[in-house]
Amino acid sequence: VLFFIAQLVGSIAASAILLALTPGPLLVNTFPQNGVNKAQAVFIEMFITAVLVLAVLMLAAEKSHVTPFAPIGIGLTLFVGHLWAVSYTGPSMNTARSFGPAVVTGFPYSSQWVYWVGPFLGSLLATAFYALLKRMPYHELNPTQASTWMGDSPTPIRVEKALSDAGGCGCGRMEGSPAPIRVKKASCDAGGSGSIDGSSRV
């Protein structure tokens, strides 16, 4: 609760400083753009907030080898969310982002509730999905995903194919390793047989 209040107070303070330092009206309020109704705005805010919250939970709350890089992933998620929704809702992705500018400008838009309901529902959606993943549990589906042991690397690719047709039979084998490729073919002709084993002998 204190963290939530601190965000709201910080947003108001930052908006007031911005209003005092820049000429003209404050142009950072969030509101549904032309052609976007309030129901659509709620859904958009819910969706982008859910993506952001899930990114925080999976990259920062869940500990793994990529945890030190969590700020990069979270920042990119926030960046992409804003790029996608900027022409629809503003966007907010955080109630404090919309509340501060609205307070210092006297709540010029009646859609302020959109930026409370949307992020709230989005956070619930992301949390529910995260709880479902933890209940499965998802980390056991691929236990060596975060492994740094060389033995957990994929084995060399091996391709084996048996060749046969109505006029002859044989087999060929190619191994995805540094060793020379060996192909041996025994022809089933009545007149003779031959072999090629990677050398000049025929």
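The side-chain heavy atoms of Q7 and F99, taken from C-beta on, include no pair separated by under 4.5 Å. In this structure the side chain of L52 never reaches within 4.5 angstrom of the side chain of I48, judged on heavy atoms. No side-chain heavy atom of E62 sits less than 4.5 Å from a side-chain heavy atom of L57. S15 is not listed as a side-chain neighbour of V28, based on a closest heavy-atom distance of 4.5 Å or more. Residues P91 and R97 have side chains not in contact (no heavy-atom distance under 4.5 Å, counting atoms from C-beta outward). Taking the side chain as every heavy atom from C-beta outward, L121 and L125 never approach each other to under 4.5 Å.
Using a distance-only test at 3.5 Å, with no hydrogens or angles considered, a donor-acceptor pair links the side chain of T67 to the main chain of S64. Using a distance-only test at 3.5 Å, with no hydrogens or angles considered, a donor-acceptor pair links the side chain of T95 to the main chain of Y115. The backbone N or O of F31 lies less than 3.5 Å from a partner atom in the side chain of Q33, making a donor-acceptor pair. S11 places a side-chain N or O within donor-acceptor distance of the main-chain N or O of A96, the cut-off being under 3.5 Å. A donor-acceptor pair under 3.5 Å links the side-chain atoms of E45 to the main chain of M93, judged by distance alone.
With sequence neighbours excluded, the residues satisfying side chain to side chain contact (heavy atoms under 4.5 Å, CB included) with L19 are L26, V104. For F4, the side chain to side chain contact (heavy atoms under 4.5 Å, CB included) test picks out L8, W116, with sequence neighbours left out.
Remark: the N29 side chain and the T105 side chain contain an N/O donor-acceptor pair separated by less than 3.5 Å.
In this structure, V114 and A41 approach most closely via the heavy-atom pair CG1-CB, 3.7 Å.
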(message) Set out, in order, the CA-CA distance, both residues' side-chain angles and the distance that settles side-chain contact (heavy atoms from CB on, under 4.5 Å) for M46 and S123, then state yes or no.
(response) CA-CA 8 Å; M46 179 184 71; S123 62; over 6 Å; no
(request) Please test Y88 against Q40 for side-chain contact (heavy atoms from CB on, under 4.5 Å), starting from the C-alpha separation and ending with a verdict. (result) CA-CA 9 Å; Y88 299 117; Q40 292 171 330; over 6 Å; no
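Atom CG in L83 sits 10.0 Å away from atom CG in L78 (nearest 0.5 Å). Rounded to the nearest 0.5 Å, atoms CG (L54) and CG (L133) are 7.0 Å apart. To the nearest 0.5 Å, atoms OG (S87) and CG (N34) are separated by 11.0 Å.
V51 and I72 fall into different hydrophobic clusters, where Ile, Leu, Val, Met, Phe, Trp and Tyr are joined by side-chain heavy atoms under 4.5 Å apart, directly or via other members. In the hydrophobic clustering of this structure, V53 does not group with F120; members are Ile, Leu, Val, Met, Phe, Trp, Tyr whose side-chain heavy atoms approach within less than 4.5 Å, directly or through other members. Put simply, L76 and L59 are part of two different groups of oily side chains (I, L, V, M, F, W, Y) that touch within less than 4.5 Å, one to the next. Taking hydrophobic clusters as Ile, Leu, Val, Met, Phe, Trp and Tyr residues chained together by side-chain heavy-atom distances below 4.5 Å, L124 does not share a cluster with M58.
Between F47 and F43, the angle of the ring planes stays under 30°, which puts this pair in the parallel group of the 30/60° scheme.
Environment of CZ in F69: sparse, with no more than 12 heavy atoms of neighbouring residues, nucleotides or ligands closer than 6.0 Å.
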